[in-house]
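Proteins get letters first, then strands, A, B, ... in listed order; numbering begins at 1 in each. Because only heavy atoms are used, hydrogens play no part in the values below, and waters and symmetry mates are left out as well, while side chains stay in.
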Amino acid sequence: MNGTETLGVFAIFFAAAITNNILLTMYLGMCSFLAVSRQVKTAIGLGTAVVFVMTFTSAINWLIYEYLLIPFELEYLTYIVFIIVIAAFVQLVEMIIERVSETLYNALGIFLPLITVNCAILGAALFMIIRKYTLLSAISFSAGSGAGWMLAIIIMAGIRQKMGTSKVPKGLEGAGITLIIAGIMSMAFMGFTGMMNLN
Amino acid sequence: MTGKSKTKQRIFTIFFMFTVSAFFIGILSFVYLFTKSTVVRNESLFLKKSVLYTAQIEVIDSPVEIERVYKEKVEEIKDADGNIQYYSVVADDGATVAVFQSSGQGLWGVIKGHVGLKSDLETIAGIDFTVQTETPGLGARITEQWFKEQFRGKKGELKRVPEGTKSGNEDEFDAITGATVTSKAVESMINKTVKNAPAVAGKGVEQ
Amino acid sequence: MTSKAGKITLANLGRENPVFAQILGICSTLAVTNVLENTAVMCAGLIFTTALSNTTVSILRKWIPSRIRMMVSTLIIAFYVILVDIVLKAYLPDISRQLGAYIGLIITNCIIMGRAEAFALNNKPGLSFVDGLTSGLGYGYVLLIIAFFRELLGSGTIWGFTVLGDWWVKWSIMVMAPGAFFMLAVFIWIVKGLILVDPEVKK
């Protein structure tokens, strides 16, 4: 692995986390983002889980795609295989957490199974296929995307916690104001476009 | 007793998952194989239509017509391995146009298309896009008529200018506002093709 | 039977609307609504998939082991989406090319999974079908309204036809991510603040 490739891997991580933030620029992973971003503590917990699931399932899916789907010309099954791998992995993680740490399991609660339908996870896996990343780049990309998602949700939770005593118009309470904050955050992150020249 | 029924449960769970998966994937595979030839034919027709459009050839949009005109006017120049290097097309005005396959990295994924150059290998006969997954309403607008048509007659390596300029300069083209990455990708795709054209087709396109 | 179906319909279209009441399916709401035509295609796909997946999950509900119910729902949803994708690729290739990018968004759309978990697993196929269909419709009309405004303000067009001439300075922000967030927030504000006013808080 030469010097330029190492730099490329870092660039991919940085781009995925900041400049092409999977949540604020590519709109993936919104549902849990809007629902769970009320407190920083839960946000960190969910964020970590997402990073973990994203990185590992993307790696597994990359291997399956490269060594199973392509050789047997089964690319049309990509979506279904990927999502099942993600669902199975989350199920596995849930079982392990339940056995290892009861407190963590209770803290995460319903959010764990919800990770399965987090479009960001499937989205990241599909992106790495479309962009034809190598395994290392794919791992860097998914980890970066997960980190970016986690960053966004923590920022959002921080803002919402701070806003706890602000007067929000009645109709905007909850989802409404969260969306507006997200819009402003997304505008802020747009400022990063063009920092990474992927051409 | 609980031990035995738990194992029974687990076995049933695994068995159920396998059966259900096999059932649905089976149906999908069947439908896929059944429609495969139609899909392949659609793809090939789409590519042929694109090559003709790039060379600015007027053709009625019917499968029969497209196939006929393509057969008549297009020659696929292949390399030793059978891959198409470029298309040598007889345009409506009788001149030869070399249509090259082109690809670039867009915002969301790979952009693929065709770039057609006249016999001087500098003047652009036309461009078209065959594969793109850019943002609809923004980057995806590169497939709109106005965007593609503006390239006909432009010359040499091109530069982007803001959308709406409608530049008359033969080396400038209107980018798309809000789709900088995509516009940049198109710019690099075209310039790359123009640069490499003599190496790929130099020998064949002399009139 | 009819009144039950009727109740479900009204709820899914109004008070329990998946988008503005349950806050589900937001990813696609934001991504797709900058072009009206794409929104229509996406909604058609979603209505079809939700209705059928709900029905199928409901039919199988008595056999699905509870541990893997998410995996099975996911499998069924992905199945229908890919089926639609394959059939479109073969017989309606132009529409398939439009919908292509959104296929993934339909599979992970929380609405479909949400309805499967909340309704289809505990109700009969007939009602589940109605629930799926009406949830899709509830999602659909919200998206079409948002898309109408986003496309109009952002590109000056409706369904691709230029409506606002060159005098209109396009609100490009409407076509991009932030515009989606703001538009949806405004929509929810209007609905929650003006229309769905709490019965106790009468003016």
| request: Is it possible for you to check whether B:Arg152 lies under 6.0 Å from the centre of the six-membered ring of B:Tyr53, through NZ or CZ, and within 45° of that ring's axis? | output: yes

| query | Hey, which residues of residues 47-63 of chain A are touching chain B, say heavy atoms under 4.5 Å apart? | reply | none

| said: Before we go on, tell me: are the rings of A:Phe13 and A:Phe141 under 6.0 Å apart, centre to centre? | reply: no

| Set of residues satisfying side-chain contact (heavy atoms from CB on, under 4.5 Å) with respect to A:Lys41, sequence neighbours excluded | none

| field | Those residues that, when tested against B:Phe30, pass side-chain contact (heavy atoms from CB on, under 4.5 Å) (two or more places apart) | value | none

Distance-only check: which donor-acceptor pairs under 3.5 Å involve side-chain atoms of residues 11-26 of chain B, not counting sequence neighbours?
{"unit_1": "B:Thr13", "atom_1": "OG1", "unit_2": "B:Gln9", "atom_2": "O", "d": "2.8"}
{"unit_1": "B:Thr19", "atom_1": "OG1", "unit_2": "B:Phe15", "atom_2": "O", "d": "2.5"}
{"unit_1": "B:Ser21", "atom_1": "OG", "unit_2": "B:Met17", "atom_2": "O", "d": "2.6"}

| Considering only heavy atoms, which portion of B:Lys36 lies under 4.5 Å from any heavy atom of chain A: side chain, backbone, both, or neither? | side chain

| message | Determine whether B:Asp171 and B:Lys155 satisfy the following criterion, side-chain contact (heavy atoms from CB on, under 4.5 Å), listing intermediate values before the conclusion. | response | CA-CA 6 Å; B:Asp171 65 341; B:Lys155 206 167 177 184; over 6 Å; no

